[in-house]
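Have a look at the structure below before the remarks.
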Protein chains: 2
Amino acid sequence: MGSNVMAAKEAPVGTTPSPTFSPLYRQIKSLLMQRLESGEWRPGEAIPSESELAIRFNVSQGTVRKAIDEMAAENLLLRRQGKGTFVASHDDPRAFFRFLRAVPLTGGIEPTESVPLECWRAKAGPEVARMLELNIGDPITIVRRLLKFAGKPVVVDEIYLPGSVFGAVTLEMLRDYKGSLYSFFEHQFGIRMIRAEERLRAVPADRASADLLNVAEGSPLLSVERVSFSYADKPVEWRRGLYSTNEHCYFNELG
Amino acid sequence: MGSNVMAAKEAPVGTTPSPTFSPLYRQIKSLLMQRLESGEWRPGEAIPSESELAIRFNVSQGTVRKAIDEMAAENLLLRRQGKGTFVASHDDPRAFFRFLRAVPLTGGIEPTESVPLECWRAKAGPEVARMLELNIGDPITIVRRLLKFAGKPVVVDEIYLPGSVFGAVTLEMLRDYKGSLYSFFEHQFGIRMIRAEERLRAVPADRASADLLNVAEGSPLLSVERVSFSYADKPVEWRRGLYSTNEHCYFNELG
DNA sequence: GAGTGGTCTAGACCACACG
DNA sequence: GTGTGGTCTAGACCACTCA
């Protein structure tokens, strides 16, 4: 019908048969993504209603709906019937469990507790620089913390953060904060993690980790290396966790 | 409009505010699931077109579409524009990678090869019985096999199957079959795996596994225990894999 | 009751595959 | 060209939340 936000076709021009065709709802999705990335709508806040967005973008409500559908499926937005559509947040316990796959072998759930151990500044070495798309020597912030399940130590994490964003993190801030680490990043630094890649291996326990986890030096630990991404696939955290898997395991569902 | 396949509301009757409301498209989805479970449409085959299903079920095409959308999102169906909608199959290499998360540390992909080692009958012990929802003592079939990446051994699997379904499996059949194990199950036994749960731990290598994987006895291995489910959440496979993670890792994406 | 998301419909048109 | 899935629209009505 009426003229839309942008041309329905982004000029093929080239020789390929259908190079860059993008349906309207994906263009709307892109616009919504831009709003999220720019921080115009913050985690936990409601975005405008479907009908208002439809008017604003000059498309039908169904088209807005399909854009939001996809973003809800990607856990970027959260729909609540009768209330509105909200920007996903790590304050939500569901997000917590999506990013922590350790569970007791016995089944059930146990109360978890994050114990920050250290926090210091350093310069990025080659590996961290590559993972976080930094230059070697760029400032980074490193956090070491222990994760306890039902009071028992289960995971030691070493977390590498770009100093440009997380330079102000201190051990005190971490200790004082009530909530998950990602919730902390969200509120204190305006960075929301939306996706992560993990690589798992089995490794022998080093002395320091063995002591922290109450296992014998050299006993097998589960090494979980993670790169977390914020909007626009920007890597903003690299971490390595060592999991004691005597009473817990890493749970994963394949579909 | 016209009368549909079933009542739009399944009589609340009780006192709860909205006990079992199920939208039309979910009822359609249930009907489609029944067709899949019954084997009326087999893996790889096309199901009737959306418009035909809409007529058959006396609903609009959009409603059928939404039902199929959900099933496609769950990897039960596969849509191919211009061709039709197909029952998902493990012949599809994409399914293979969804169920095998081992990748080279160096990145890239390597050719994989499954080497069946042994196949024998046994009776279900307490653990297997629980995992496969069998009775203790029920017949089971056990398969041991080695998974090689680029010619090198990386995973030893021990696979427990209910004898009632997989009693006819032999080492020769496994050796002769070209394709993945789940593809084999699909074609030879009509069982399609649609979902699996994995529990990962780090364990010391036993002598036999160490020899097969060319690692030292006692060195850390990644233990991956898996229960696979077919339609209607029926568990039909339990397996334990030991992964050598010196040159490979288990890759997982969190969203 | 007003506002929001959720469902369902009917119809038009587009993109793709295949003969 | 015919048939399939994919997009987009417009409108009606349902379910939920909150004031």
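Convention: sequence-line order gives letters A, B, ...; per-chain numbering from 1.
- A salt bridge (Lys or Arg N to Asp or Glu O under 4.0 Å) check over residues 75-92 of chain B, counting only residues at least two apart or in different chains, returns the pairs E50(B)-R79(B), D69(B)-R79(B), D92(B)-R94(B).
- OP1 or OP2 of dG5(D) lies within a sub-4.0 Å distance of a side-chain N or O belonging to T85(B).
- Contact check, R79(A) against dG6(C): a side-chain N or O comes under 4.0 Å of OP1 or OP2.
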Is there any protein nitrogen or oxygen under 3.5 Å from a nitrogen or oxygen in nucleotides 17-19 of chain D, and what are the pairs?
from    : atom 1 : to     : atom 2 : distance (Å)
dC18(D) : OP1    : K83(A) : NZ     : 3.0

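- With sequence neighbours excluded, no residue satisfies salt bridge (charged side-chain N to carboxylate O under 4.0 Å, His left out) with E37(A).
- For S164(B), the side-chain contact (heavy atoms from CB on, under 4.5 Å) criterion is met by P162(B), not counting sequence neighbours.
- Listed by chain and residue number, nothing satisfies the side chain to side chain donor-acceptor pair (under 3.5 Å) test with E225(A) (two or more places apart in sequence, or in another chain).
- Contacts classified as salt bridge (Lys or Arg N to Asp or Glu O under 4.0 Å) and involving residues 182-191 of chain A (residues at least two apart or in different chains) are given here: E186(A)-R192(A).
- With sequence neighbours excluded, no residue forms a side chain to side chain donor-acceptor pair (under 3.5 Å) with K66(A).
- Listed in residue order, the members of residues 35-52 of chain A having a heavy atom less than 4.0 Å from DNA chain D come to none.
- For the side chain to side chain donor-acceptor pair (under 3.5 Å) test, no residue two or more places apart in sequence or in another chain qualifies with E113(A).
- Of all the residues in residues 63-74 of chain B, R65(B) reach under 4.0 Å from DNA chain D with at least one non-hydrogen atom.
- When the salt bridge (charged side-chain N to carboxylate O under 4.0 Å, His left out) test is applied to R195(B), the partners found at least two apart in sequence or on another chain are E253(A), E197(B), D233(B).
- Not counting sequence neighbours, the partners of R35(B) by the salt bridge (charged side-chain N to carboxylate O under 4.0 Å, His left out) test are E40(B).
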